[in-house]
Amino acid sequence: MTTGRTSAAPRPTAGALRLVEASTTRPTSVDISGYARQMTAHCPYLAPSLQQGLTTWTVYRADGDSEAVQAELFHAGAQAAEWLRPLLNRPHGLLRCENIILLGDVPGARHRDLMAWPHWVLKNLYGPVGVMFGKFYAGEREVTAAGHRIPAAPASFLPVRAAVRRRDPRFLSATPDLAAALAAADDDGRDVFENIPTEWTEIRTWARHLLPPAKPSPSSPGTRASPPRSSS
């Protein structure tokens with residue numbers, strides 16, 4: 001298992017995300033089983049993953065301000081990715097999926113706002129080593145690239161799983177550089193944190209240069225200031 005700096009980095013925000021349930025196939029704090037079954041119609045890997053007990057859920061509750069919760073979501077995502085990395089090349093590794101559920105409210109911030117930057121940074125850090133991050137928001141109905149409606153999630157969560165190189169890049173059409181990195185992904189055991197800062201605010205600043213240029217429009221000139229919503 002690669003260790004990186006996910007545990008060594010300073011964490012002044014520790015406690016902003018309270019652990020409700022450690023990784024489990026059957027969380028009791030949120031009813032996710034029916035939703036997971038419905039989603040098998042949209043993901044060919046989910047049904048066998050559920051059958052073999054390889055889809056797990058870790059539940060957290062926000063207990064801090066927006067900045068601190070974002071920092072802790074990022075840390076939780078990195079820990080999930082580092083746990084998955086050595087397992088992906090083992091039998092059934094492609095079926096493993098760890099999901100980070102976010103409960104609770106933060107004044108002045110939607111879950112969409114809290115998850116956007118952690119999701120963007122984690123995708124860029126781990127895409128090149130074959131780990132895919134997604135995001136779903138509680139109560140929001142999504143539409144697939146083929147135009148099919150998928151069920152509304154009962155809770156907001158970040159899924160962390162092995163990248164499927166032949167199909168996942170097509171979900172990243174808004175971020176072609178990231179799509180290309182994912183298509184050519186190879187986990188050579190690198191420390192993904194080797195060349196980036198350790199503090200969340202600095203990491204987020206570093207990640208801004210990875211944003212694709214904004215499409216010019218009369219209402220939003222200039223470069224993009226936040227992660228593109230169309231990225232999965």
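For reference, positions follow the sequence shown, starting with 1. The model shown is predicted, which means the values in this text are computed figures rather than measured ones.
Put simply, the side chain of Glu98 never gets that close to the backbone of Ser23: no donor and acceptor are under 3.5 Å apart. Using a distance-only test at 3.5 Å, with no hydrogens or angles considered, no donor-acceptor pair links the side chain of Asp186 to the main chain of Asp188. The closest donor-acceptor contact from the side chain of His119 to the backbone of Ala116 lies at 3.5 Å or more, if one exists at all. Judged purely by atom type and a 3.5 angstrom limit, His111 uses its side chain to pair as donor or acceptor with the backbone of Gly104. Of the possible donor and acceptor atoms, none in the side chain of Trp200 sits under 3.5 Å from a partner among the backbone N and O of Phe74. Of the possible donor and acceptor atoms, one in the side chain of Thr205 sits under 3.5 Å from a partner among the backbone N and O of Thr201. Panel note: side chain Ser156, backbone Ala138; a donor-acceptor pair is recorded below 3.5 Å. Between the side chain of Asp63 and the backbone N or O of Ala16 there is no donor-acceptor pair closer than 3.5 Å.
Of all heavy-atom pairs between Leu122 and Ala78, the closest is CD2-N, 3.6 Å. Glu72 and Gly15 get closest at one heavy-atom pair: OE1-N, 4.2 Å. The nearest pair of heavy atoms linking Ala36 to Leu46 is O-CD2, 3.4 Å. Heavy-atom minimum distance, Leu103 versus Ala155: CD2-CB, 4.2 Å.
At a threshold of 4.5 Å between non-hydrogen side-chain atoms, the residues Glu82 and Val192 count as touching. Side-chain contact between Val160 and Tyr126 is absent, with no heavy atoms from C-beta onward closer than 4.5 Å. Counting heavy atoms from C-beta on, the side chains of Pro151 and Met39 come closer than 4.5 Å. Considering only heavy atoms from C-beta on, Val121 comes within 4.5 Å of Trp206 through its side chain. The side-chain heavy atoms of Gln79 and His75, taken from C-beta on, include a pair separated by under 4.5 Å. With a 4.5 Å cut-off on side-chain heavy atoms, Trp117 and Ile203 do not count as touching. In this structure the side chain of Lys123 never reaches within 4.5 angstrom of the side chain of Pro227, judged on heavy atoms.
Remark: Arg61 CZ to Ser29 OG distance equals 7.5 Å, nearest 0.5 Å. Taking CZ of Arg85 as the reference point, atom CG of Asp187 lies at 4.0 Å (rounded to 0.5 Å). The distance from the CD1 atom of Ile32 to the CZ atom of Arg26 is 13.0 Å, given to the nearest 0.5 Å. A distance of 11.0 Å separates OG1 in Thr25 from CH2 in Trp57, rounded to the nearest 0.5 Å. For the atom pair Gln51 CD and Thr40 OG1, the distance stands at 9.0 Å (nearest 0.5 Å). Separation of atoms CH2 (Trp83) and OG1 (Thr58) is listed at 8.0 Å; rounding is to 0.5 Å.
The residue from Leu73, Ile100, Val69 that alone fulfils the side-chain contact (heavy atoms from CB on, under 4.5 Å) condition with Tyr60 is Ile100.
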**OP:** Begin from the C-alpha positions of Phe193 and Leu125 and carry the test side chain to side chain contact (heavy atoms under 4.5 Å, CB included) through to its verdict.
**Re:** CA-CA 8 Å; Phe193 291 87; Leu125 282 178; 4.0 Å; yes

**OP:** For side chain to side chain contact (heavy atoms under 4.5 Å, CB included), just list the numbers for Asn99 and Phe136, CA-CA rounded to whole Å, side-chain angles, deciding distance to a tenth of an Å, and then say yes or no.
**Re:** CA-CA 10 Å; Asn99 299 278; Phe136 294 90; over 6 Å; no

Original post:
Should Leu88 and Val131 be marked as a side chain to side chain contact (heavy atoms under 4.5 Å, CB included) after you check the CA-CA gap, both sets of side-chain angles, and the distance that decides it?
Top reply: CA-CA 9 Å; Leu88 298 185; Val131 178; 4.0 Å; yes

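Annotation for Asn89: atom CG does not count as buried by contact number, only 12 or fewer foreign heavy atoms lying within 6.0 Å.
In summary, the side chains of Ser66 and Gln70 do present a donor paired with an acceptor at a separation below 3.5 Å, with no hydrogens or angles considered.
The existence of a salt bridge linking Lys135 and Glu140 is excluded, since no basic side-chain nitrogen approaches an acidic carboxylate oxygen closer than 4.0 Å.
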